[in-house]
Amino acid sequence: MNLATISLHQARKRKWKVVYTRSNYEKKAHELLSQCGLHSFCPVITTRSKWADRFKVIEKPLFPSYLFVYVSPAEEQKV
C-alpha cells in the first residue's frame, strides 16, 4: 500500500460526529478544532437583535452548544 491508498482508506472511514460544547463557545471550539487539523462545521444564522439604543445584526449558531466534526476513528481520540 502506498500513501495515497492509505489516506483514501482513512477518508472512507470518516464520519460526521456531533460534539457538545459549553454555551456560547461554539465559534472558539470550531477554531481550535481547525487548528488541530480536524474538519469541523458550525452552521450559523444571521439575526437582527434589538439593543436598548439600536439594532444590531449578529451571527448565532443554528444549533446552540453543538458542532459537527468529520473524523476517522483514529482522529476521534483527539476530540
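All values reported here derive from a predicted model rather than from experimental measurement.
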Listed pairs under 3.5 Å, donor-acceptor, residues 16-25 side chains, sequence neighbours left out:
residue : atom : partner : partner atom : Å
Thr21   : OG1  : Ser65   : O            : 3.4

Which donor-acceptor pairs under 3.5 Å do the side chains of residues 30-53 make with protein atoms, sequence neighbours left out?
residue : atom : partner : partner atom : Å
His30   : ND1  : Ser40   : OG           : 2.6
Ser34   : OG   : His30   : O            : 3.0

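In this structure, CD in Glu26 is found 11.0 Å from CG in Leu62, a value given to the nearest 0.5 Å.
Screening residues 54-63 for side-chain hydrogen bond (donor to acceptor under 3.5 Å, both in side chains), with sequence neighbours left out, gives no hits.
Between Lys13 and Pro73, the closest heavy-atom pair is O-CD, 3.8 Å.
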